[in-house]
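Below is one structure, written out as structure tokens, with a few remarks after it.
Each chain gets a letter, A, B and so on, in the order its sequence line appears, and its residues count up from 1.
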Amino acid sequence: MLGHEFMRHAFLAGTFVALACGLIGYFVVLRAQVFAGDALSHVAFTGALAAAAAGVDVRLGLFVATVGVAVGMGLLGRRARPDDVVIGSVFAWILGLGVLFLSIFTTSSSGSNGTAAVRVLFGSILGLSAADARLAAAIAALAVVGLLVLARPLLFSTVDPDVARGLGVPVRGIGIAFLALLGLVAAEGTQAIGALMLLGLLAAPGAAARLLTFRPWWGLLLSGAIAVGSMWLGLVLSYEINSLPASTAIVGVAALAYVAAGAVDLLRRGGRRAAGELAQAGPQGSLGS
Amino acid sequence: MTSLVAALSLNPVTDLEQMTEYPFMVNALWAGTIVAVMAGAIGWFMVLRRQTFAGHTLAVTAFPGAAAATFVGLPLAVGYFGACGLGALLLAAVGRDGGSDAADESAAIGTLQAFGLGLGYLFVVLYGGQLSSLEALLFGSFLGITEGQVQALLWIAAAALAVLVVIGRPLLFASVDGAVARAANVPTRALGFGFLVLLALAVAATAEITGALLVFALLVTPAATAQRLTARPGPGIVISVALALAVTWVGLTIAFFSPYPVGFWVTSLSFGVYVAVRLGELIVRRAAVAVPGAHADPEPT
């Protein structure tokens with residue numbers, strides 16, 4: 001499998017992109033900003049198509065749009081946590097703009113059948129060139145480093161913003177920096193698994209990690225590991241099964257990991273409840289009500 | 001997205017005649033009207049209940065449903081309504097009353113959404129689908145609406161609105177203050193589930209016209225605008241429906257006379273109104289702050 005050049009490129013870019021998605025995704029879930037991530041992934045679609053319609057490099061449009069909108073959302077929202085309804089209204093319009101660019105692009109490039117739109121929406125991890133893959137890996141690695149630098153104050157200001165502010169942590173600035181990083185990762189992920197399915201790699205590993213452990217640093221690590229694992233397994237699956245698209249496989253594995261984590265959580269909770277009942281039935285049971 | 005460009009005259013009557021000459025346009029206007037009324041009313045409750053993300057996810061599950069229906073060879077409507085219904089069940093299962101907090105719930109919704117989209121893409125690939133049909137599924141098309149579809153939409157909308165009228169009052173109570181409603185023996189959980197099913201109906205119907213990704217233009221933005229204007233439920237729902245209707249009609253008309261897709265016009269119009277209302281609010285608030293200040297000033301005479 002690794003004899004194929006495109007698979008090597010996919011593994012190189014995929015590993016770093018998945019790591020970045022998994023790590024930042026843990027915070028996205030912890031901060032309950034999944035919907036913002038969702039909106040950013042749609043912004044990525046519009047940005048990429050705007051660039052395509054204007055005839056410039058798609059990546060430029062991607063990064064400018066996602067990071068720009070992310071910072072904008074942070075500035076507009078109270079405490080750098082934008083409101084659901086505002087996000088919904090804004091991104092309905094942004095998607096509409098995306099449709100406009102799509103129609104301009106497909107009519108202006110009459111010869112090509114507009115596969116660019118499909119690539120942006122559903123990803124093209126198996127179609128990366130060596131240079132693309134290396135650049136994607138480098139940017140993702142940069143995002144990971146940025147996140148790790150930010151991680152400690154970010155965690156603090158996520159868990160208890162009031163106390164953090166009291167201790168002089170710049171909660172608002174950190175929130176905006178976090179959103180900017182999220183924009184960067186969203187643009188990266190869009191190239192790998194597509195604007196529409198990005199959420200699978202952002203939300204599912206983080207949510208699974210949160211179900212498995214309450215300790216934040218373990219959770220962060222676990223989330224990154226689940227994302228990278230989903231990426232690897234998904235790539236292998238789509239290589240082995242001919243008609244299975246890579247993005248579907250990757251997101252499918254990530255969703256399965258989440259379901260499995262949910263099952264583990266249920267079992268554990270059930271076990272704890274049974275233990276509790278046992279304790280109540282025992283001689284000291286009168287302590288319980 | 002193909003769009004025919006007709007010559008726009010300055011006479012609105014001839015323009016209207018020109019538009020209604022085409023049966024597809026008449027169907028599109030009827031379908032748009034029905035969908036706008038339903039989306040405006042149900043959307044108002046959705047915004048009130050802060051279920052925007054759930055609504056978006058239901059909308060997105062319409063896409064795999066339609067793609068699966070195309071793949072198997074069933075009517076599209078079966079796919080839309082089947083997938084949205086299933087989505088509502090799954091959302092209710094992970095729902096807020098299920099004991100998980102908001103962060104976990106939204107993560108679950110997000111995972112569900114991405115997985116649904118992945119499935120949709122798989123079906124499109126399996127079908128060997130052309131891009132044009134993919135685009136129509138995601139971004140809608142008002143060109144191919146049949147009379148049969150309009151009739152089906154009418155029945156669905158009538159049923160959904162009838163249910164909404166019956167459960168409207170307790171739903172409002174449960175949405176505004178869940179804890180008190182529960183204490184007053186209002187079945188909040190059943191209501192929440194019933195509302196998700198209604199929402200799924202509205203979303204599936206809207207997705208047939210606007211496409212899976214643009215449902216929000218009719219479902220969220222008019223309702224959000226209405227709730228900015230008034231907090232009272234009756235007038236709020238009326239404003240929301242009126243806005244959705246206006247946006248749909250004007251959007252369809254502009255799209256008919258312009259080369260650009262209807263999805264763009266409808267989303268831009270509804271967002272434009274929303275922004276205008278937010279700006280208006282800002283100005284009014286400034287004025288309200290300025291007036292007491294003026295009173296406090298000593299009178300010159």
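There is no contact between B:L219 and chain A, counting heavy-atom distances below 4.5 Å. For A:Y258, the part lying under 4.5 angstrom from a heavy atom of chain B is the side chain only. Contacts between A:V90 and chain B at a heavy-atom distance below 4.5 Å involve backbone atoms as well as side-chain atoms.
Here the closest non-hydrogen pair linking B:F271 and A:S89 is CD1-O, 3.4 Å. Across all non-hydrogen atoms, the minimal contact from B:A107 to A:A203 is O-CB, 3.9 Å. Nearest approach of A:P245 to B:L122, heavy atoms of both residues: CD-CD1, 3.3 Å. Nearest heavy atom pair, residue A:L199 against residue B:F53, reads CD2-CZ, 4.1 Å. The minimum heavy-atom distance between A:S247 and B:Y121, with the atom names listed, is OG-CE2, 4.4 Å. Of all non-hydrogen atoms in A:A204 and B:T111, the two that sit nearest each other are CA-OG1, 3.4 Å.
Taking the six-membered ring where tryptophan is involved, the planes of A:H42 and B:H56 are perpendicular, since the angle between them exceeds 60° and thus also 30°.
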Verdict with reasoning, B:Y260 to A:I104, per side-chain contact (heavy atoms from CB on, under 4.5 Å):
CA-CA 8 Å; B:Y260 298 121; A:I104 292 175; 3.8 Å; yes

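Residues A:F35 and B:I109 form no side-chain contact, since every pair of their non-hydrogen atoms from C-beta on lies 4.5 Å or further apart.
In this structure, the separation between CG on A:L95 and CZ on B:F264 is 12.5 Å, given to the nearest 0.5 Å. Atoms OG1 and CG, from B:T57 and A:D38 in turn, are 6.5 Å apart once rounded to the nearest 0.5 Å.
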